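Report on the following structure.
In this text the structure is predicted, and so the values were computed from the model without any measurement. All chains are named by letter (A, B, ...) in the order of the sequence lines, taking the proteins before the strands, and each is independently numbered beginning at 1.
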Number of protein chains: 2
Amino acid sequence: MNLKQLSEILGLSQTTVSRALNGYPEVNEGTRIRVQAAADKHGYRPNIRAKGLATGRSMVIGHVIPTSSRHEMVNPIFGDFVAGAARTYAEKNYNMMFTHAPDTSIEDSYRSLFSRGAVDGVVLQGPKVNEPRISVLSNMGVPFIVHGRSTGVDLPYDWIDVNNQRSFERATQFLIDLGHRRIALINGLEEMDFAQRRRNGYMAALQRAGFTPDPALLRSAEMTEIYGYQTVCDMLKLDDPPTAILASSIISAVGVRRALEENGLKMGRDISVIAHDDELSYMRNGQDVPIFTATRSSVRRAGELAAEMLIERINAPDDPPKSCLLEAELVVGNSTGPVRQRL
Amino acid sequence: MNLKQLSEILGLSQTTVSRALNGYPEVNEGTRIRVQAAADKHGYRPNIRAKGLATGRSMVIGHVIPTSSRHEMVNPIFGDFVAGAARTYAEKNYNMMFTHAPDTSIEDSYRSLFSRGAVDGVVLQGPKVNEPRISVLSNMGVPFIVHGRSTGVDLPYDWIDVNNQRSFERATQFLIDLGHRRIALINGLEEMDFAQRRRNGYMAALQRAGFTPDPALLRSAEMTEIYGYQTVCDMLKLDDPPTAILASSIISAVGVRRALEENGLKMGRDISVIAHDDELSYMRNGQDVPIFTATRSSVRRAGELAAEMLIERINAPDDPPKSCLLEAELVVGNSTGPVRQRL
DNA sequence: CTGGGTATTCAAAGCGCTTTGAAAACCGAG
DNA sequence: CTCGGTTTTCAAAGCGCTTTGAATACCCAG
């Protein structure tokens, strides 16, 4: 059932039918009702491609996944972010499209996505320091939003981010206040912008307290469970092991816990742990009592907001750049406690 | 830059340019090269919507996420499956589209997706027992593939699944062979088809060994970490607690481990645990030595295969139904051991 | 040279929708 | 009645591509 057929059934022109269905004012109310009824009855749905062709809009938002980040798509954080975005898209009648592109041709992918008219805008996830994708998109003059920011890129662009620096600074300060001096940071991959900021926060707190950071207590890698486990196992072998640990994600924190338990240490008593909690659905930080003391910020919510901001941008390409900085909350659980003298 | 402009530059008709670019045989080789060069030079990309409109193909595969399964999109299992599918799509020049739809209008969503020409096929994930979506799609006569199967639906349809029954039967048998009698099953949501099959496997092994299953040792819910934790805490309070546990996912197994450790029990010695391992990227089951003895099957691989099967179906709508049953491997780690007499 | 086949190229129609510019229908005031 | 001004409806053009059916160019046997 297409527009032509429907309009023939109704004995009206395609113009009128189209307008009636799209809520234009210049159509008689009686006609509109009649048209709507017929459309419902015959289950008419406008062909999305034809519509897009005519309007120049695709009503699709693209998410490009670099092939390199083999885990990206799969990263639970990514998943929750996307789930949030999906919610907004559904509400605003947008669709979400994923493209897998080799890193070498990432620019090409974006260009192709837009010039082929496949999407109206894109979401850029996981920005690195000096993220090259930002200038690519910026030069193309297309609507996009960055989840995170990129140090070193001074173009104006829309972004939404959590205040990583402040939240890690606070967490570190919290540990310092509990008497800890040997604080380890189990960070995400160093090239990622968020990791950089978290480290800065951590460093800032240490320095303010007059401590010299120990490189042996600083690690960075992709935030898996194994990584958290392995790192803690290694660090416990140091002559002067940490008395507190900051983990960049709940997933790694699970590994941290495994390592501690295997070594007969009790979190909160023998060693303190703070994790960054993105509020992942499948890995909640406990129920009533948090398992981990944590810096908490819903990545799902960030996804919702990012999508909203992007859609606004699409509808008003010339508005000044927007940004949104979310503050993480520090929730105190049982994984932290006053420093304990040498075990 | 569109086809018309490009053909004007070249002094050729749109027909010829289009054919040259699409590899039709009836175009002179010299011309083809000239056209290709000009296209590259000017960065011409055919408009995907116009192309779709003309060919009737969208080159898009849809994944519909029921709103109800709040976690679905976020479910790490889902993520890995989709990552696998994405890989295949990229290879075959398909795109992947997600739609979030309220459960009440799931049928409508499918209908709309196809009748609006938005997708060429869909992947149905997380089928329940008597899954109604299958007959909806089947009646619509559109290409689709089910990840999993649905007991109670006897229409023919394409599916790919892991042999859940056999793998849980083997795992249970393995525990029985180690001398366990009190074996708990921490299963997924009962309405899910896979959970049903896993339970059947578990029951079959128990019955064959002549044991009567104890309902107190059987739980089902969404497979979160908390769920695994809570369930084990509860079961340990029984007069006659289990000596072995079967967990339906690594995520829940992490919770199981937490509960055991909190209760001072050591996996493999005091109590045996087998988990089902979908080989999630962010939650690997250890490195060299598996953390958990597990029934292992890559859900990512399943995603790749599902996508391939679906694309085949799209290209040959009248082929007989296809299916693919993957066998899970039983990998033995340190979480299982001979039964221990009352603690 | 010429005719008939083959290799190339082309103009135009069509995919299903929106939108422009014009026509028709309707209205109450004069 | 008639007329200017609203409403309401319409025919047709256009979005950018593929594809059909026809035309032209080319080639070699006769």
Side-chain angles (χ1 to χ4, degrees), chain A residues 1-36 38-39 42-60 93 95 111-120 315, chain B residues 1-36 38-39 42-60 93 95 111-120 315:
Chain A
M1 169 68 52
N2 59 24
L3 185 59
K4 190 171 174 196
Q5 290 164 16
L6 183 64
S7 60
E8 274 163 8
I9 288 177
L10 282 159
L12 287 169
S13 73
Q14 295 188 38
T15 311
T16 305
V17 176
S18 169
R19 287 191 162 145
L21 259 23
N22 289 314
Y24 280 66
E26 58 268 67
V27 43
N28 183 294
E29 204 46 38
T31 312
R32 184 194 307 285
I33 291 168
R34 201 160 59 88
V35 169
Q36 192 57 261
H42 296 89
Y44 166 74
R45 328 270 169 125
N47 181 299
I48 205 175
R49 274 173 276 128
K51 188 165 186 160
L53 187 55
T55 58
R57 284 248 186 145
S58 64
M59 300 306 281
V60 173
N93 281 312
N95 285 103
R111 207 171 288 285
S112 155
L113 226 37
F114 282 96
S115 63
R116 296 186 315 164
V119 302
D120 292 338
N315 293 326
Chain B
M1 170 68 53
N2 60 23
L3 185 60
K4 190 173 174 191
Q5 290 164 16
L6 183 63
S7 61
E8 274 163 9
I9 289 178
L10 282 159
L12 287 169
S13 73
Q14 296 189 37
T15 311
T16 304
V17 176
S18 168
R19 287 193 162 144
L21 259 23
N22 289 314
Y24 279 66
E26 59 268 68
V27 44
N28 183 293
E29 204 47 36
T31 313
R32 185 195 306 285
I33 291 169
R34 200 159 61 89
V35 170
Q36 191 57 260
H42 295 89
Y44 166 73
R45 329 270 171 126
N47 182 298
I48 205 175
R49 272 172 278 126
K51 188 165 185 159
L53 187 55
T55 58
R57 284 252 184 140
S58 64
M59 299 307 281
V60 173
N93 281 311
N95 285 103
R111 208 171 287 286
S112 155
L113 226 36
F114 282 96
S115 64
R116 296 184 317 163
V119 301
D120 292 338
N315 293 326

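In this structure B:Ala50 satisfies the side-chain contact (heavy atoms from CB on, under 4.5 Å) test together with A:Leu53, B:Asn47, sequence neighbours excluded. Residues meeting the side-chain hydrogen bond (donor to acceptor under 3.5 Å, both in side chains) test with A:Asp120, sequence neighbours left out: A:Ser58. Taking A:Glu8 as the reference, A:Lys4 meet the side-chain contact (heavy atoms from CB on, under 4.5 Å) condition, with sequence neighbours excluded. Qualifying side-chain contact (heavy atoms from CB on, under 4.5 Å) partners for A:Ser7, counting only residues two or more places apart in sequence or in other chains: A:Gln14, A:Val17. Under the rule for a side-chain contact (heavy atoms from CB on, under 4.5 Å), the partners of A:Arg111 that lie at least two apart in sequence or sit in another chain are A:Glu107, A:Met140, B:Arg45. Residues forming a side-chain hydrogen bond (donor to acceptor under 3.5 Å, both in side chains) with A:Arg34 (at least two apart in sequence, or on another chain): none.
Nearer the 5' end of DNA chain D, as judged by each residue's closest nucleotide, is the contact made by A:Val27, out of A:Val27 and B:Leu3.
Comparing the end axes of the helix from C:dC1-D:dG30 to C:dG30-D:dC1, each fitted to five base pairs by superposing C1' atoms of four pairs onto the next four, gives an inter-axis angle of 60° (nearest 10 degrees).
For DNA chain D, the residues of residues 43-56 of chain A within the heavy-atom distance limit of 4.0 Å (strictly under) are A:Leu53, A:Ala54, sorted by number. At a non-hydrogen distance threshold of 4.0 Å, A:Gln14, A:Thr15, A:Ser18, A:Arg19 from residues 10-19 of chain A come into contact with DNA chain C.
Within the 3.5 Å criterion, the main-chain N or O of B:Tyr24 finds no donor-acceptor partner in the side chain of B:Asn22. The main-chain N or O of B:Pro46 is never found under 3.5 Å from a side-chain atom of A:Arg116 such that the two would form a donor-acceptor pair.
For DNA chain D, the contact window with chain A, defined by any atom under 4.0 Å from a protein heavy atom, covers D:dT8 to D:dG16 in 5' to 3' order.
Between B:Leu10 and B:Ala38, the shortest heavy-atom distance links the atoms CD2-CB, 3.8 Å.
The salt bridge (charged side-chain N to carboxylate O under 4.0 Å, His left out) contacts involving residues 49-59 of chain B comprise nothing, where partners must be two or more places apart or lie in separate chains. Identified under the salt bridge (charged side-chain N to carboxylate O under 4.0 Å, His left out) test for residues 15-24 of chain A, with sequence neighbours left out: A:Arg19-A:Glu26.
Once rounded to the nearest 0.5 Å, the distance linking CG of B:Leu12 with CG of B:Leu6 reads 9.0 Å.
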